[in-house]
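Below: one structure, written as C-alpha cells.
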Amino acid sequence: MRLRVEFTTEPFDLDEAPAHAVVAREVIQSAELDAVDVGPFGNTAEGGADAVLTAVDELLRKALGAGATRVSLQVNVIGEGEGGAQ
C-alpha cells in the first residue's frame, strides 16, 4: 500500500522558519520516501505505508519536542500509478 501525507506545523513565523518546522522537514527529507515536496505553507510526501508511518511518528515526536503547538496532517491511500509530489 502507498500513502501520501500532507502536513503543517504551527505556530507560523513568516520571517523565518521556526525550529519545529525545520525539524519536521528534515525528518521527511531524510526518510526513505519516494517523493517529497516541502514548502512554506505545507509539505507533502509519498511512499510505502511502513516508510510513511515511520516518518509520521518521528515527525510528530520531533516537531512537538521542538516547540510545535499544533501539527495538522492528512494521510491518504494512493494507487500505485498515482503520484504528484516531487
Side-chain angles (χ1 to χ4, degrees):
M1 173 185 331
R2 289 183 51 76
L3 300 176
R4 176 184 299 129
V5 61
E6 300 173 52
F7 69 92
T8 58
T9 62
E10 296 179 39
F12 294 113
D13 183 339
L14 296 178
D15 293 328
E16 65 180 81
H20 57 80
V22 172
V23 167
R25 289 183 197 143
E26 288 173 351
V27 167
I28 290 300
Q29 289 175 322
S30 67
E32 294 184 23
L33 300 172
D34 301 330
V36 175
D37 182 25
V38 297
F41 300 108
N43 308 282
T44 304
E46 297 176 7
D50 287 340
V52 170
L53 295 173
T54 297
V56 166
D57 176 66
E58 185 178 356
L59 177 150
L60 290 170
R61 292 174 189 278
K62 288 190 174 180
L64 293 169
T69 57
R70 179 179 186 158
V71 179
S72 300
L73 64 91
Q74 178 174 304
V75 178
N76 294 299
V77 175
I78 59 174
E80 289 298 322
E82 284 185 69
Q86 293 295 322

Identify every side-chain donor-acceptor pair in residues 54-63 under 3.5 Å, counting partners at least two apart or on other chains, and give the distances.
unit_1: Thr54; atom_1: OG1; unit_2: Asp50; atom_2: O; d: 2.8
unit_1: Asp57; atom_1: OD1; unit_2: Arg61; atom_2: NE; d: 2.9
unit_1: Asp57; atom_1: OD1; unit_2: Arg61; atom_2: NH2; d: 3.4
unit_1: Asp57; atom_1: OD2; unit_2: Arg61; atom_2: NE; d: 3.2
unit_1: Glu58; atom_1: OE2; unit_2: Lys62; atom_2: NZ; d: 2.8

Heavy atoms of Glu46 and Leu33 approach each other most closely as O-CB, 3.3 Å
- Query: Hey, quick one: are Phe12 and Leu73 part of the same hydrophobic cluster, counting side-chain heavy atoms closer than 4.5 Å, chains of contacts allowed?
  - Reply: no
Residue set satisfying side chain to side chain contact (heavy atoms under 4.5 Å, CB included) with Leu64, at least two apart, ordered chain then number -> Ala68, Val71
* Are side-chain heavy atoms of Arg4 and Arg2 found at a separation under 4.5 Å? -> no
Shortest non-hydrogen pair, Val5 vs Val75, comes out as CG2-CG2, 4.0 Å
| Does Met1 reach the side chain of Val77, with side-chain heavy atoms less than 4.5 Å apart? | yes
Just so I know, are the side chains of Leu3 and Leu53 near enough to count as touching, which here means a heavy-atom distance under 4.5 Å? yes
The reported gap from OG1 in Thr69 to CD in Glu10 (rounded to nearest 0.5 angstrom) is 6.5 Å
Acceptor/donor pairs from residues 14-29 side chains to any protein atom, 3.5 angstrom cut, sequence neighbours excluded:
unit_1: His20; atom_1: ND1; unit_2: Thr9; atom_2: OG1; d: 2.9
unit_1: His20; atom_1: NE2; unit_2: Pro11; atom_2: O; d: 3.1
unit_1: Arg25; atom_1: NH2; unit_2: Gly39; atom_2: O; d: 3.2

| message | Would the distance check show the side chain of Asn43 and the main-chain N or O of Phe7 forming a donor-acceptor pair, the cut-off being under 3.5 Å? | response | yes
